[in-house]
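Note that ligands are numbered from 1 as they come in the structure, with each ligand's atoms numbered from 1 the same way.
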Amino acid sequence: ILILIGLCLLSYILGSIPTAIWYGEAYHGVDIRTLGSGNAGATNTFRVLGKKAGSIVLFVDAFKGFLATSLSTFLFYLHLIDWQTCVSLKIVFGFLAVLGHLLPVFCDFKGGKGVATLMGMVLALHPEAALVSIAVFLLVFYVSNYVSLGSMIASLVFPFLMVFKVFGDEFPILIYFGFIVAFLVIFMHRKNIARILQGTENRMYLIPRKKQ
Ligand code: G3P
C-alpha cells in the first residue's frame, strides 16, 4: 500500500511539471501565462513561442501522462498485480498526472487544460483508441482551424469508442473514466467555448497558410 501511495504521488508530481511555463521562462524569458490565450499548454506555446518550443512542450506534456500511466504496467510485469488491476491503476496514475497538469503543485495550482497529458495517458492505456482520437483531433482542427474544438471533440471520442465496443469488450471502468475526463476537458475549455460562440476564438492553421 505504501508503494501504491508513493506511485500516486509520483504521478501527480510528474503531471505537475509545468513544461510550458518553465520552457518559456528558461529559453525565452517570458511567462507564457501572460501571452496569447494565457494557457500554460502546448497550443499556446506553439502560438506564442513557435514550432520548436511547441513541439518540445507537446512531447514532454504527453510523455508525463504516458510515463505515469505506464507505472502500472511495470507493476504488472513484476507480477505484483493482475491485468484488471493493472488497467484500473493505469487509469488512477494517468488521471492523477492529468490532474497534476491542471492543478500543478509547482505553480499555485494553475496549470493547462490537460489535453497533451491526456493524449499521452490514452496512448499508454489504449493505443488504438488514442490513434483514432488523434485522427479526429487533426480532422476537426484542419476543418475548423480551432485547436480547442479539436481537443474537446477528440476527448469525447475515447468514451464513445468504449461504449460502442469498437475494439471489442472493454472494462466498464474505461467508459466511466472516459466520460469523466471528457467532461473535465470540456469544462477546462469553457472560455474557449464562449469565444467560439462569439467568433473571437484564436484560429490556428494545421497547414500554415502562404503569406499573401
Ligand atoms: O490544449 C489546449 C487547447 O485545446 C486550447 O488551447 O491556448 O487555444 O486555449 P488555447
Query raised in the report: Considering only the protein, which heavy-atom contact is closest to atom 8 (O) of ligand 1, and what is its distance?
Result: Arg47 NH2, 2.7 Å
Query raised in the report: With a cut-off of 4.0 Å, which atoms of ligand 1 are near a heavy atom of Val115?
Result: 1 (O)
Query raised in the report: Among Lys191, Arg195, His189, which residue places a heavy atom closest to atom 4 (O) of ligand 1?
Result: His189
Query raised in the report: In ligand 1, which numbered atoms sit nearer than 4.0 Å to a non-hydrogen atom of Ser148?
Result: 4 (O)
**Report entry** Side chain, backbone, both or neither: Asn202 near ligand 1, heavy atoms under 4.0 Å
**Finding:** neither
Query raised in the report: Taking C-beta and beyond as the side chain, do Tyr146 and Arg203 meet within less than 4.5 Å on heavy atoms?
Result: yes
Query raised in the report: Does some side-chain heavy atom of Phe167 sit less than 4.5 Å from a side-chain heavy atom of Val132?
Result: yes
Query - Heavy atoms from other residues, nucleotides or ligands near OH of Tyr27 exceed 12 (cutoff 6.0 Å) - result: no
Query - Phe76, CZ: over 12 other non-hydrogen atoms inside 6.0 angstrom - result: yes
Query raised in the report: Tell me, which protein residue and heavy-atom name are nearest atom 7 (O) of ligand 1, and how many Å apart are they?
Result: Ser37 OG, 2.5 Å
Requested in this report: Answer yes or no: does atom CG of Asp108 have more than 12 heavy-atom neighbours from other residues, nucleotides or ligands under 6.0 Å?
Outcome: no
Report summary line: Of all protein heavy atoms, the one nearest atom 6 (O) of ligand 1 is Thr43 CB, 3.7 Å
**Report entry** More than 12 heavy atoms of other groups within 6.0 Å of Tyr205 OH
**Finding:** yes
Query raised in the report: So, does Asn39 use its side chain to make a donor-acceptor pair with the main chain of Asn44 at under 3.5 Å?
Result: no
Report summary line: If we number the atoms of ligand 1 from 1 as shown, the ones under 4.0 Å from a heavy atom of Ser151 are 3 (C), 4 (O)
**Report entry** Numbered atoms and elements of ligand 1 in range of Asn39, under 4.0 angstrom, heavy atoms
**Finding:** 7 (O)
Query raised in the report: Which residue owns the protein heavy atom closest to atom 9 (O) of ligand 1, what's the atom, and how far is it?
Result: Lys113 NZ, 2.5 Å
Query raised in the report: Which ligand 1 atoms are under 4.0 Å away from a heavy-atom of Asn44?
Result: 7 (O)
Query raised in the report: Are any non-hydrogen side-chain atoms of Thr19 and Lys64 less than 4.5 angstrom apart?
Result: yes
